[in-house]
Every structure is written in C-alpha cells, then in structure tokens.
Peer 1: 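Structure below; questions to follow.
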Amino acid sequence: MEENLKIVEGAERSLNFMEEIIEDYIAKGGKDIQTRFPPEPNGYLHIGHAKSICLNFGLAAKYGGKCNLRFDDTNPVKEDVEYVDSIKEDIKWLGFDWALERYASDYFEQLYEWAVELIKKGKAYVDDQTQEEIRATRGTVTQPGTDSPWRGRSVEENLDLFARMRAGEFPDGARVLRAKIDMAHSNMFFRDPIMYRIIHAHHHRTGDAWCIYPMYDYAHGQSDSIERITHSFCTLEFDVHRPLYDWFIGELDIFPSHQYEFARLNLTYTMMSKRKLLQLVQQKVVAGWDDPRMPTITALRRRGYTPASLRAFAERVGVAKRDNVIDLGLLEFSVREDLNKTAQRRMVVTNPIKVVITNFEEGRTEMIKCVNNPEDEGAGMREVPLTREIYIERDDFMEDPPKKYYRLSPGGEVRLRYAYLVKCGEVIKNASGEIVELHCTYDPESSGGGSSDGRKVKGVIHWVSVPTAVEAEARLYSTLFDRENPDDVEEGKTFLDYLNPESLVVQTVYMEPALADAAVGEKFQFERIGYFCKDKDSLPGKPVFNRTVTLKDSWAKMQK
RNA sequence: UGAGCUAUGGUGUAAUGGUAACACUGCAGAUUCUGGAUCUGCCUUUCUAGGUUCGAAUCCUGGUAGCUCAACCA
C-alpha cells in the first residue's frame, strides 16, 4: 500500500500553481510555511473537502511546514459539536494530523479589541438600520449604494454603543458594527461590510459569554494572522473577499497572511452543496449523512473507499483555477487501483442457478485451495469446499449463446474457478419453461489448470457450494442521480426530480463460508463481480455487504 | 448591462517564448484459471480576431463564452 501510494504521490510531475507560490515564497527568503484547514462545523465533510484537506496538509508536509485545523465557528445558530467530532474523525481517517486544533471562537476577545481599535481609528461605526434598510442601501452590482444615516457617529458614541451591544443591552438585529469603507465601491464587499451582529444564542464552545458574533470576513483573515498562516488557501468564490481580507490586516497592521484561491472540486452524478446534501438527509431521500450514495467522506468510508484511494484521487484531479467537473470514473478508478492490490478475493454468487455435478459423489466434500490475492503473495491461500451441488451465476449460463460467449451452454465446458472443468449435459426446466437446474459432469483430471487430454477452455466461472453457502444481503449502489450534472435544473424542476430510482438494489447473495466471519469495514473483491465492504448494519448470521464499485466489465460493454 | 476570475482532446492536468504531453475515458490487440489485473498500440487538444517575435498555448490588444459577487451564512 505504501508502494502504491508512492506511485501516485511521488510520481514526477511539474509543480501546481500552489506549489509555485510556496516555492516562490521560499526563494524570496520566506520560511515557516503554515497552512490551515478551516471548516465551519455545520455539516459533514464531503469529497470536495477531501481535496482541500489533501492540499493544505499535503503542502505543509511537502515544504516542512505545519497545518492547523481551525473551526470557523462564528455563527452559533448553525454549528454543533456533532460536526466538529465528525470532521476530526474524517481528517484523521484520511491520514492527516493537525499541528494545532483551534477555533475562531478562541479569538473572540482579541477580535473585539481590534474592533474597538478600528472604531477609534474612525474605520468602523455602529449602524442602527434594519436588515432590510441595509440591504436596500447597499446598491446593486451595477449601482452604487448610499451612506447610512448613522455613518457619521462620533467615535465616543460608537465606542459606547459597541460596548453596550456586547453587554447585551440590545435585541438581535437592533444594531450592527460596520467597517467604514466606501458605499460606492465596485466590490460589494467594500460597501461598509458588517463586522459584528447581535445573536443571543448559545455557542457550542463559548456558551453564553457572547451575544455579538463576528462575521466571516472580519474573523477569517485575523484568525489566519494570529496563527501566522503564511498561505491561506480557499476556493474561488472567495476571491472577491481577498481585498477585504487584506484591508483588515492592513488597517490593524498585524501579521500579513495571504489568501490564494483554487477551483473547488465538482464530480459528475452528484453535488457538493451542503444545503442540498442536508436536504437529501432531512427528506430521507438517503438514510443519513453516511448513506453510501452520498459524496460525504463518512459515506465513502462506509461504502468501502480507502484513505489511500481518496488521496490518490486528490492528487490526480490536480489543482488549478478553472471550473471543473471530474468524471466519476476517475474516483472509481482510484479505488479499484488500490483495492485490486489490497483486497482479498472471495467467491459469491449473486443471482444463483443450481448445478448438480452428476459424477461427483454424493456426500463428498473436497477442499479446494484458492489464492487470496494474486496481486499480493503475502495474502496466502484459503480452502473452499466443493460439493456435488453448487450455485453458479444465472448470467453464466445461456441456452442459446451468442458468438464469443465463453461461459456455460448446453454441451459447453468451462472451468470452475480454482477447481475442475465442468461440461453441461442436461438443462432442467419447470412447468413454465424456466431453467431451474443444470446437470453437469466434471473432469477429475482437470485440477491445477490442466485437463485429462490437454484441452483448454476459455471460460472460468465462480461458484459456491450449496450446503455450505452463507446467505447475505448485498447492497448494490449506483449513482444517486440519473444524470451527470443534477445541479443543472430545467425550468420548473429541482435536483430531486433527477434521482436515480435504481441507486440502491438490495439482493440476497450466497457466499463461500470464509466470508461468514468478516469484520465490519473489511473489504473484499467478490471475484468477477466487484469490490464489497462489510456494513455496520450486519447482524449475527446475517451479514450485509456494500458494493463499493463494480469490476471493469468488458463483456457487459460488448453486449451493448 | 459594474467589478473580479477563468478559457488546452470526451474529462482533468502539464508544457513558464523553442517538437503540445500525462492520467482517466473510449477503441484495437497481446496475455491470463477473474471477459479482472498486466502489457502494447490507436483516436481526440491550444475559444476567436489581430499584434509583438526568427519563433506564441504562453506576451499585448479587442472580441466571445463560462463562473463569482447585491445573507446581520461561511
């Protein structure tokens, strides 16, 4: 696995633009590279965050720097400890560890003092306008705004009012503290941005100590500065905020952190909007944040994705400044690549048809040696029982096969994986003409890859012995949505109109006995089917497996 | 229609004034006790019009297209 990681992460490639920024910084004498991953604890992390995590932690590691985890917890009504716990778990699972765990709320006192400083400089004022009035006077992107009637208040009055805001004298929404910049600025964020608002709410960390809370723009840059973040990476939509980020740091004359933006990750057949993901959970379209069809890290983990595969994926998608939509196929390629080398093989029949090997003695059980993973010699061997009656896949038999069909057909011969050659004799049907059973004969000389007369066979099929088969529930997942870009909605529709009705298909499958005592979270390749991971919903005697991803299937492709 | 950001194969990402390449996808073949894996080959690319230059994906100008911004969200 280490090796595997190296192939991707250590591969020779040119620098991405972020690495260039950092190398440029170092070339100019800069040191102590410091980054941070700054989630708001208001939801679960998704694959887009995984890209950001790999970037921030990866860059710090590559250049001998450090990366902090800082929760942007400036809005108590949306945030919760449930989310901070899940975020920490996800980051660790991905394989990263932060230098410092910090919260924007750790800096509330300092932020307050700096606000007082700005008031004293005449750079901030308390505005009594209502939310609606503020919105109405902000202007539009093409029209300038107009000054608030409270813009000219004296420093003394502002100081007094701001102190009383903090003291809790005013109800929510009564007043705000605004930076005094330029109501006609072409950048909307410079039109006297709000720095503080009154919210009488319990904060998950500071409790009831505060009833005024800083806005993102007033908190983020200064928090970066306090932590001496040298490179503050964020997504493209924040580029409009950068001048304001610089303005506060400049006015306060504090450590000059700098912000750089990169394009966020988009994936086909899903969406990254926290709002919409929350909607899927709340409307019970999915079973929860960790429903294996969700793009959240917790869901991907439950589905069977590995940390290494997600890191390799992040490396492969690269980083740049233009909008992108990554093909889901690349994510799937990344897990298959990892699981192919690490997951043990097992035989499982998903849609059975019974085969009776007529020349195999009744009551006899032969233990067949099977290779656990042909890609990993260290994985060893296991024994699988073979008996007179076995299950094979219904798809592996055709009464009237097309050309190039290598599997079983009347009179045809195939190899039972790891075991003998079998030839199909009789096809048993019920009254309504459905095939219920196949009668075959085996070649006792054909174990170990040979045959009694040197003949070769093209088809190899998997099988499970009937008396020892273990029943399990398989959850076959495909995309939650039926189109590549479910965010692109037509008139009068919503993304919920684009759900894929077959995103989850539950099946009863028959497994070889070795699978009976797999551990939750353990990953296997069900030979010729796909990669599966044992789910936490498993009950004693009733295992549940999630299909992580199918195997590449060039036969299915030919069929189309 | 104000400001900012971005334009390279089907999808991503490189090439940093000097032969447009790498990965995924797709197609074809070799090989194989997984129609898996592996290996080989192939298809397909610089938004547009000018300019600078011996030479432009790269620099300049205009155009076009896409994205972002008018929460007391982050």
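Reminder, nothing fancy here: chain letters follow the sequence lines and each chain counts from 1.
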Peer 1: Is A:Lys62 paired with A:Glu315 through a side-chain N to carboxylate O contact shorter than 4.0 Å?
Peer 2: no
Peer 1: Protein-nucleotides 46-48 of chain B N/O pairs closer than 3.5 Å?
Peer 2:
none

Peer 1: Taking all heavy atoms of A:Met165 and all of A:Arg175, pick out the closest pair and write down the distance.
Peer 2: CE-O, 3.9 Å
Peer 1: Between B:rA15, B:rC5, B:rU1, which one does the side chain of A:Thr142 approach most closely?
Peer 2: B:rU1
Peer 1: Along nucleotides 69-74 of chain B, 5' to 3', which nucleotides get a B, which get an S, and which get a -, given that the test is a protein heavy-atom distance under 4.0 Å?
Peer 2: BBSBBB
Peer 1: At 4.0 Å (heavy atoms only), tell me whether A:Val77 reaches a base, stays on the sugar-phosphate, or touches nothing.
Peer 2: nothing
Peer 1: I need the full list of side-chain hydrogen bond (donor to acceptor under 3.5 Å, both in side chains) pairs touching residues 176-185 of chain A, with sequence neighbours left out, sorted by first then second residue.
Peer 2: A:Asp127-A:Arg178
Peer 1: If you measure from the Lys or Arg side-chain nitrogens to the Asp or Glu carboxylate oxygens, is any gap between A:Arg407 and A:Asp395 under 4.0 Å?
Peer 2: no
Peer 1: Could you check whether atom CH2 of A:Trp247 has more than 12 heavy atoms from other residues, nucleotides or ligands sitting under 6.0 Å from it?
Peer 2: yes
Peer 1: Return yes if some donor-acceptor pair links the side-chain N/O of A:Asn372 with the main-chain N/O of A:Gln344 below 3.5 Å, else return no.
Peer 2: no
Peer 1: Residues two or more places apart in sequence or in another chain: which of them pass side-chain hydrogen bond (donor to acceptor under 3.5 Å, both in side chains) with A:Arg135?
Peer 2: none
Peer 1: At under 4.0 Å between heavy atoms, how does the protein contact nucleotides 20-28 of chain B? Give one character per nucleotide, 5' to 3', with B, S or -.
Peer 2: ---SS-SS-
Peer 1: What pairs with A:Lys557 under side-chain hydrogen bond (donor to acceptor under 3.5 Å, both in side chains), at least two apart in sequence or on another chain?
Peer 2: none
Peer 1: Distance check needed: B:rG12 C1' versus A:Leu331 CG, whole Å only.
Peer 2: 13 Å
Peer 1: Would you find a donor on one side and an acceptor on the other, under 3.5 Å apart, between the side chain of A:Arg415 and the backbone of A:Gly449?
Peer 2: yes
Peer 1: What contact category does A:Pro374 fall into here, base, sugar-phosphate, or nothing, at under 4.0 angstrom with non-hydrogen atoms?
Peer 2: base
Peer 1: Base, sugar-phosphate, or nothing: which does A:Tyr218 touch, judged by heavy atoms less than 4.0 Å apart?
Peer 2: nothing
Peer 1: Once side-chain hydrogen bond (donor to acceptor under 3.5 Å, both in side chains) is applied, do any residues pair with A:Ser273, and if so which ones, sequence neighbours excluded?
Peer 2: none
Peer 1: Tell me the interatomic distance from A:Asn485, atom CG, to B:rC67, atom P, rounded to whole angstroms.
Peer 2: 11 Å
Peer 1: Is it the case that over 12 heavy atoms from other parts of the model lie below 6.0 angstrom from the CD atom of A:Glu377?
Peer 2: no
Peer 1: Donor-acceptor pairs are to be reported for all side-chain atoms of residues 329-336 of chain A against protein atoms at under 3.5 Å, with residues two or more places apart or in another chain.
Peer 2:
{"from": "A:Ser334", "atom 1": "OG", "to": "A:Leu330", "atom 2": "O", "distance (Å)": "3.0"}
{"from": "A:Arg336", "atom 1": "NE", "to": "A:Thr550", "atom 2": "O", "distance (Å)": "2.7"}
{"from": "A:Arg336", "atom 1": "NH2", "to": "A:Thr550", "atom 2": "O", "distance (Å)": "3.3"}

Peer 1: Can you tell me which stems RNA chain B forms, taking runs of 3 or more consecutive Watson-Crick or G-U pairs with both distances under 3.5 Å?
Peer 2: B:2-7 with B:64-69, B:10-13 with B:21-24, B:26-30 with B:38-42, B:47-51 with B:59-63
Peer 1: A:Ala201: which residues meet the side-chain contact (heavy atoms from CB on, under 4.5 Å) condition with it, sequence neighbours left out?
Peer 2: A:Pro76, A:Val77, A:Ile199
Peer 1: B:rG4, B:rU34, B:rC67: which one has an atom nearest the side-chain heavy atoms of A:Asp323?
Peer 2: B:rC67
Peer 1: With sequence neighbours left out, what residues match A:Lys552 under side-chain hydrogen bond (donor to acceptor under 3.5 Å, both in side chains)?
Peer 2: none
Peer 1: By nearest atom, which of the nucleotides B:rG35, B:rA14, B:rC5 is closest to the A:Lys404 side chain?
Peer 2: B:rG35
Peer 1: Using atom CE of A:Met558 as one end and atom P of B:rG36 as the other, report the distance to the nearest whole Å.
Peer 2: 11 Å
Peer 1: Apply ring-ring contact (aromatic ring centres under 6.0 Å, His included) to A:Tyr216 and A:His220, showing your working.
Peer 2: CA-CA 6 Å; A:Tyr216 166 85; A:His220 201 96; 4.9 Å; yes
Peer 1: Per the atom types in the model, does the base of B:rU34 pair as donor or acceptor with the side chain of A:Arg345 at under 3.5 Å?
Peer 2: yes
Peer 1: With distance as the sole test, does A:Asn351 use its side chain to make a donor-acceptor pair with the main-chain N or O of A:Glu393 at under 3.5 Å?
Peer 2: no
Peer 1: Give A:Gln525 one of three labels, base, sugar-phosphate or nothing, depending on what nucleic acid heavy atoms sit under 4.0 Å from its own.
Peer 2: base
Peer 1: Taking only N/O atoms, report every protein-nucleotides 30-33 of chain B pair under 3.5 Å with atom names and distance.
Peer 2:
{"from": "B:rC33", "atom 1": "O2'", "to": "A:Arg417", "atom 2": "NH1", "distance (Å)": "2.8"}
{"from": "B:rC33", "atom 1": "O2", "to": "A:Tyr418", "atom 2": "N", "distance (Å)": "3.0"}
{"from": "B:rC33", "atom 1": "N3", "to": "A:Tyr418", "atom 2": "N", "distance (Å)": "3.1"}
{"from": "B:rC33", "atom 1": "N4", "to": "A:Gly449", "atom 2": "N", "distance (Å)": "3.4"}

Peer 1: Is the terminal nitrogen or CZ of A:Arg166 (NZ for Lys, CZ for Arg) located under 6.0 angstrom from the six-membered ring centre of A:Trp210 and within 45° of that ring's axis?
Peer 2: yes
Peer 1: Below 3.5 Å, does any donor atom in the side chain of A:Glu375 face an acceptor in the base of B:rG36, or the other way round?
Peer 2: yes
